[in-house]
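To start, the structure under review is shown below, and the notes come after it.
Convention: sequence-line order gives letters A, B, ...; per-chain numbering from 1. The shown structure was predicted, so the numbers you read here are calculated from the model rather than taken from an experiment.
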Amino acid sequence: MTPYSPSELMAVNAARLLTDGKVVFVGVGLPNLACNLALRTHAPNLTLIYEAGVIGARPERLPLSIGDPTLVTGAAAVAGMYDIFALYLQRGLVDVGFLGGAQISRTGDINATVIGDYAGPRTRLPGSGGSMEIAAWAKQCFIITPHQKRRFPDKVDFQTSLGHGPARRALPGRGPQAVVTDLGILRPDASGELVLVALHPAATLEEAQANTGWPLQSAPDLAATAPPTADELALLRALDPDRIYLK
Amino acid sequence: MTPYSPSELMAVNAARLLTDGKVVFVGVGLPNLACNLALRTHAPNLTLIYEAGVIGARPERLPLSIGDPTLVTGAAAVAGMYDIFALYLQRGLVDVGFLGGAQISRTGDINATVIGDYAGPRTRLPGSGGSMEIAAWAKQCFIITPHQKRRFPDKVDFQTSLGHGPARRALPGRGPQAVVTDLGILRPDASGELVLVALHPAATLEEAQANTGWPLQSAPDLAATAPPTADELALLRALDPDRIYLK
Amino acid sequence: MSKLSTLPAAIAAHVHDGDTLYLAGFTHLIPFAAAHEIIRQRRKDLTLARATPDIIYDQMAAAGCARKIIFSYMGNPGVGSLHVLRRLVESGALEWEEYSHFGMITRLAAAAAGLPFLPMRPTGASDLANVNPAYRRIPDPYGGEDVVVLPALHPDVAILHVQRADENGNAHLWGILGEQKEAAFAARRVILTAEEIVSEDVIRRDPNRTLIPGLVVSAVCHVPHAAHPSYAQGYYDRDNAFYLEWDALSQDEARLQEWLDQWVYALPDRAAYWDKLGPEVHARLTPSPRPSGEVDYGGYA
Amino acid sequence: MSKLSTLPAAIAAHVHDGDTLYLAGFTHLIPFAAAHEIIRQRRKDLTLARATPDIIYDQMAAAGCARKIIFSYMGNPGVGSLHVLRRLVESGALEWEEYSHFGMITRLAAAAAGLPFLPMRPTGASDLANVNPAYRRIPDPYGGEDVVVLPALHPDVAILHVQRADENGNAHLWGILGEQKEAAFAARRVILTAEEIVSEDVIRRDPNRTLIPGLVVSAVCHVPHAAHPSYAQGYYDRDNAFYLEWDALSQDEARLQEWLDQWVYALPDRAAYWDKLGPEVHARLTPSPRPSGEVDYGGYA
């Protein structure tokens with residue numbers, strides 16, 4: 001078996017969540033890697049939408065930024081930023097939104113805004129970008145983030161985007177349906193609480209629990225993910241030869 | 001002096017109202033003729049905007065419809081219908097709107113909708129199209145219409161667009177500032193009532209009064225318009241060789 | 001995933017009696033071939049929405065397809081009245097709902113954006129709002145003047161004619177764009193007819209030219225000359241003579257029915273219609289070439 | 001009427017201390033040359049609005065031009081933090097006002113349309129609305145769910161870099177369009193920098209490519225390579241190496257000031273900047289050709 005890094009593990013498992021033919025709103029970094037890997041493996045008919053305004057991108061190289069010129073050349077369509085958010089996302093045309101975030105709460109709220117107090121922040125993060133609306137309006141969302149206790153608090157310091165809870169019922173999207181970490185995969189239970197549903201090879205429930213800021217439950221049918229295949233890894237590494245994301 | 005028809009007289013006098021460099025929202029028919037005549041005579045830097053979405057048109061032939069392909073070829077820009085009405089007209093970028101209408105009231109209200117009762121119309125007219133917003137938001141409007149009593153009632157049967165009156169004060173546009181007929185030119189006085197300010201050659205005040213549905217006042221300095229020049233007529237006739245508008 | 005279809009199959013699958021249709025195109029690219037196929041398939045009780053009903057809805061109304069019309073300028077552009085619609089409205093035989101152009105496009109833009117409504121500035125003219133309860137006024141929450149609002153209009157089906165599309169429905173349009181984009185995003189189903197079906201590569205060489213993305217398209221049909229007597233920029237001219245002819249023709253019930261018989265019911269498809277127009281009309285409507293020039297997108301591998 | 005100007009003259013005439021600026025371009029066509037000229041002219045107390053402040057506002061803030069920032073994603077795209085802005089915000093030395101991307105573009109779209117506000121659907125996430133009173137909720141007058149609204153944002157000046165423009169300011173753009181159109185129509189004054197100044201004929205051969213009409217433009221300046229380290233689709237690549245380098249550089253106050261000295265203050269203009277980058281960088285950033293293909297508009301005489 002080829003050795004692989006935690007970020008490779010996350011990217012491969014995130015790619016596997018994407019079913020062919022879907023319309024995916026792609027975020028920068030690992031989501032971008034995951035979507036491009038899926039496009040090159042089991043999901044050649046994904047429509048990749050980038051918030052910068054590109055629809056049906058076919059990037060020849062992995063873009064560092066989600067506004068890279070390689071996303072435009074050969075794309076199916078380009079639209080302005082208002083249209084991307086209004087006509088595609090708010091209108092309900094996006095099947096899957098891919099998100100990251102500095103903090104993910106027990107019920108899937110995301111914080112991408114500040115650590116500490118908003119008015120006098122300890123750490124100022126970049127802010128919402130598209131997160132607030134993607135989490136609300138994409139039919140479902142996937143989140144990729146390393147499994148660390150500080151990243152999985154019981155409550156977020158700032159609710160940049162909504163996970164599960166009463167306000168979710170009024171929204172068209174079902175919210176975060178999977179969180180892919182370097183230890184496993186979490187999904188919401190019926191109450192909206194994220195529970196561990198799968199462990200990656202070599203990871204343990206105890207390790208996941210120790211790295212989560214609430215008493216992490218595991219699903220009764222806790223699964224094991226298949227290790228990345230040699231094919232998946234080769235394609236992934238070809239996408240990020242300088243290992244900008246595959247740290 | 002070259003003989004000319006009433007519509008030629010109206011088109012020439014309307015063209016003369018346009019000062020160079022202005023942004024003009026062009027309606028179909030005589031307004032279209034007038035604007036294209038002005039572009040070819042004293043106002044080569046007019047920007048002609050057509051509600052179909054053309055900015056800076058340079059039509060090689062006179063378009064029958066305001067959505068004619070000759071308006072697009074060689075234009076400066078094309079925009080969608082929403083943008084034309086929102087980004088250009090509502091935003092306040094249009095200097096002059098050109099309008100017609102079946103009825104023009106004493107205070108410059110236009111009716112382009114129905115003669116008779118709205119729910120059970122005696123004559124169903126085409127309706128507003130762009131009139132309602134052009135009259136409201138262009139910095140000023142010019143109206144072209146033959147001088148007939150039925151076209152100049154005291155009040156319109158249906159207020160398709162606003163002329164003068166209390167509601168005008170809240171609007172960015174100054175409303176109808178000139179009505180060009182085949183007898184002369186009317187302009188609003190301080191109270192907003194249309195008064196005769198100029199007579200065309202051979203027309204008389206009595207004739208204008210007899211063809212107006214309210215007691216038409218004339219300005220103390222009632223002027224006489226200059227007859228169409230041979231040049232103006234030649235250019236105008238070249239624009240409409242089949243005399244579709246120059247009836 | 002190819003969405004290619006014949007036009008009869010697309011109409012049969014996606015257009016149902018009682019539907020609200022928006023056959024798009026402001027003067028330009030009006031989908032006449034689709035309208036004629038709807039007439040041939042004898043759809044009934046349709047609500048026909050268009051800013052400018054144009055001859056296309058006059059024809060559909062004459063053929064008895066329409067229950068209601070939603071419009072903002074019901075004229076024969078540059079000619080005068082749409083006589084069929086006018087007769088039906090004046091006689092009370094057709095329901096109608098009326099807006100200004102900006103109101104109509106605002107309703108589509110709201111629907112396209114997934115919004116319940118969009119605001120407009122007041123115009124001071126109140127009669128249309130008095131007869132159409134869809135017009136409402138709401139306060140500006142920031143303390144300015146009231147705004148006027150209209151609700152989203154979601155057609156069941158939008159039909160668009162485009163210059164070229166790939167088999168997935170990604171379509172390039174140029175020339176007057178009217179409400180094409182808004183109608184496509186507002187509707188529940190979208191049928192395209194196209195002058196040309198081109199390879200995906202032709203579309204992807206110029207993605208900024210793609211106004212309609214395939215992901216909103218239900219079916220794409222190869223129907224050259226589908227827009228006559230309107231036009232397709234760069235392909236054929238507007239047939240102004242026909243627009244003038246319709247003015248007389250549509251005022252005479254017998255001639256009107258004869259026209260429908262000869263030009264719609266008796267013909268199997270648009271190819272036969274175009275053929276019937278004959279070489280003189282074809283020649284009269286052929287523009288000279290005016291290439292756009294190219295831009296360079298750059299390869300970034 | 002020609003609007004051609006030098007960049008220093010355009011900045012001197014249209015950008016004043018205390019103005020609200022929107023230097024447009026979502027990743028693409030970011031007007032760095034204009035920002036550097038603003039720095040050289042030592043403008044102060046500016047309110048800098050941009051969805052993504054990007055390195056351009058990090059540089060302007062480092063040079064002391066900024067009093068306040070309005071943004072929706074204050075990161076170095078694909079890299080991490082914008083360290084200058086982050087330090088200033090964390091230390092309380094810079095005012096800020098924050099939106100989501102959709103909120104930011106909605107504010108511009110409202111201003112561009114001449115509307116006091118535009119609605120958005122609720123997102124269920126309330127913290128941003130709790131800290132930013134510009135977010136309001138109003139009822140849907142048609143009985144649906146409440147909507148969230150934001151007020152129009154009218155910058156004093158929008159600055160856009162474009163691929164090509166004529167001397168009247170009619171500009172062709174392709175590739176990512178971001179908020180370019182909305183910013184231009186929202187602003188009171190508009191400055192364009194352009195890779196190429198072309199004849200009016202080049203623009204008018206493809207009017208559908210014209211995103212910015214000259215009638216909203218105050219000045220147009222011929223400034224090739226004005227967008228580096230961002231990019232101009234088809235002209236040069238994004239300089240990802242510089243975006244990565246900025247991450248380290250901007251965390252070291254001494255290096256930062258040295259960079260500003262060497263790359264902004266010491267240079268007269270963009271030509272000198274591009275020259276200083278050197279032939280290896282030029283070569284690294286040169287894309288291969290990928291022509292768009294043409295369309296035909298047709299001549300209708």
Side-chain angles (χ1 to χ4, degrees), chain A residues 28-29 32 50-54 63-74 78-82 84-86 89-90 109-113 118-133 135-137 156 158-162 165-168 170-172 175 244-245, chain D residues 25-28 51-52 71-82 85-87 89-90 92 96 98-106 108-109 120-128 130-131 145 174-182 211 230-234 237-238 240 243-244 287 290:
Chain A
V28 70
N32 191 16
Y50 289 79
E51 69 185 13
V54 181
L64 176 68
S65 143
I66 49 162
D68 194 278
T70 195
L71 293 170
V72 169
T73 303
V78 171
M81 193 174 168
Y82 186 82
I84 285 290
F85 280 96
L89 189 59
Q90 186 171 243
D109 287 352
I110 294 177
N111 175 14
T113 305
Y118 182 78
R122 194 157 70 246
T123 304
R124 177 63 230 198
L125 304 165
S128 167
S131 293
M132 191 162 97
E133 284 82 12
W137 302 332
V156 289
F158 190 99
Q159 187 193 44
T160 308
S161 70
L162 180 73
R168 171 60 58 186
L171 297 176
I244 290 171
Y245 297 111
Chain D
F26 196 99
T27 314
H28 182 210
T52 58
F71 70 96
S72 48
Y73 180 85
M74 197 174 65
N76 179 339
V79 178
S81 287
L82 289 171
L85 289 168
R86 183 176 155 181
R87 275 200 306 275
V89 164
E90 287 175 357
W96 80 90
E98 180 171 8
Y99 299 89
S100 70
H101 274 348
F102 190 44
M104 193 78 174
I105 186 66
T106 289
L108 284 179
M120 300 172 289
R121 286 199 176 273
T123 64
S126 47
D127 276 359
L128 196 53
N130 289 339
V131 297
E145 202 190 353
W174 59 99
I176 287 170
L177 303 178
E179 74 303 60
Q180 307 263 16
K181 181 180 75 176
E182 289 81 1
L211 191 74
S230 81
Y231 68 99
Q233 189 83 38
D237 198 354
R238 190 171 188 267
N240 288 327
Y243 275 84
L244 291 163
R290 288 291 187 89

Measuring only between side-chain heavy atoms, which start at C-beta, is D:Ser230 closer than 4.5 Å to D:Tyr243?
yes

Part of A:Ala112 lying under 4.5 Å from any heavy atom of chain D
neither

Which residue out of D:Glu145, D:Glu179, D:Arg87, D:Arg121 racks up the most heavy-atom pairs below 4.5 Å with chain A?
D:Arg121

Counting heavy-atom pairs under 4.5 Å with chain D, which one of A:Gly165, A:Pro63, A:Ser128, A:Pro166 comes out on top?
A:Ser128

Atom group of D:Met120 that falls short of 4.5 Å from chain A, counting heavy atoms
both

Measure A:Tyr245 against the heavy atoms of chain D and call it side chain, backbone, both or neither at under 4.5 Å.
side chain

Once ring pair (Phe, Tyr, Trp, His ring centres under 6.0 Å) is applied, do any residues pair with D:Tyr73, and if so which ones, sequence neighbours excluded?
none

Audit row: D:Arg238, A:Thr70, side-chain contact (heavy atoms from CB on, under 4.5 Å) steps and yes/no
CA-CA 10 Å; D:Arg238 190 171 188 267; A:Thr70 195; over 6 Å; no

Find out whether A:Leu125 and A:Thr113 are in side-chain contact, i.e. whether some heavy atom of one side chain is under 4.5 Å from a heavy atom of the other.
no

Does the side chain of D:Val131 reach to within under 4.5 Å of the side chain of A:Phe158, using non-hydrogen atoms?
yes

Tell me, out of D:Glu98, D:Lys181, D:Gln180, who's got the most heavy-atom pairs with chain A below 4.5 Å.
D:Glu98

Need one label for D:Pro287: side chain, backbone, both or neither, based on atoms under 4.5 Å from any heavy atom in chain A.
neither

Quick check: closest heavy atoms across A:Val78 and D:Gly175, and the distance to 0.1 Å?
CG1-O, 3.3 Å

Greatest number of heavy atom pairs closer than 4.5 Å to chain A - which of D:Val89, D:Asp237, D:Leu244:
D:Asp237

Quick check: do A:Glu133 and D:His101 have side-chain heavy atoms less than 4.5 Å from each other?
no

Checking heavy atoms, do the side chain of A:Thr123, its backbone, both or neither come under 4.5 Å from chain D?
both

Where on D:Ala51 is there a heavy atom nearer than 4.5 Å to chain A: the side chain, the backbone, both, or neither?
side chain

Which portion of D:Trp96 sits near chain A, non-hydrogen atoms under 4.5 angstrom:
side chain

Heavy-atom pairs under 4.5 Å with chain A are the metric here; pick the option from D:Ile105, D:Leu177, D:Asn130 that has the most.
D:Ile105

Counting only heavy atoms closer than 4.5 Å, note whether A:Arg122 contacts chain D via side chain, backbone, both or neither.
backbone

Note: A:Leu162 and D:Ala125 closest approach over all heavy atoms is N-CB, 3.8 Å

Highest number of heavy-atom pairs under 4.5 Å with chain A among D:Pro122, D:Ala109, D:Ser81 belongs to D:Pro122

Give the member of A:Pro172, A:Ala167, A:Gly130 that has the highest number of heavy-atom pairs under 4.5 Å with chain D.
A:Gly130

Please identify each residue that fulfils ring pair (Phe, Tyr, Trp, His ring centres under 6.0 Å) with D:Tyr231, with sequence neighbours left out.
D:His28

Just by distance, with hydrogens left out, do A:Asp68 and A:Tyr50 show a side-chain donor and acceptor under 3.5 Å apart?
no

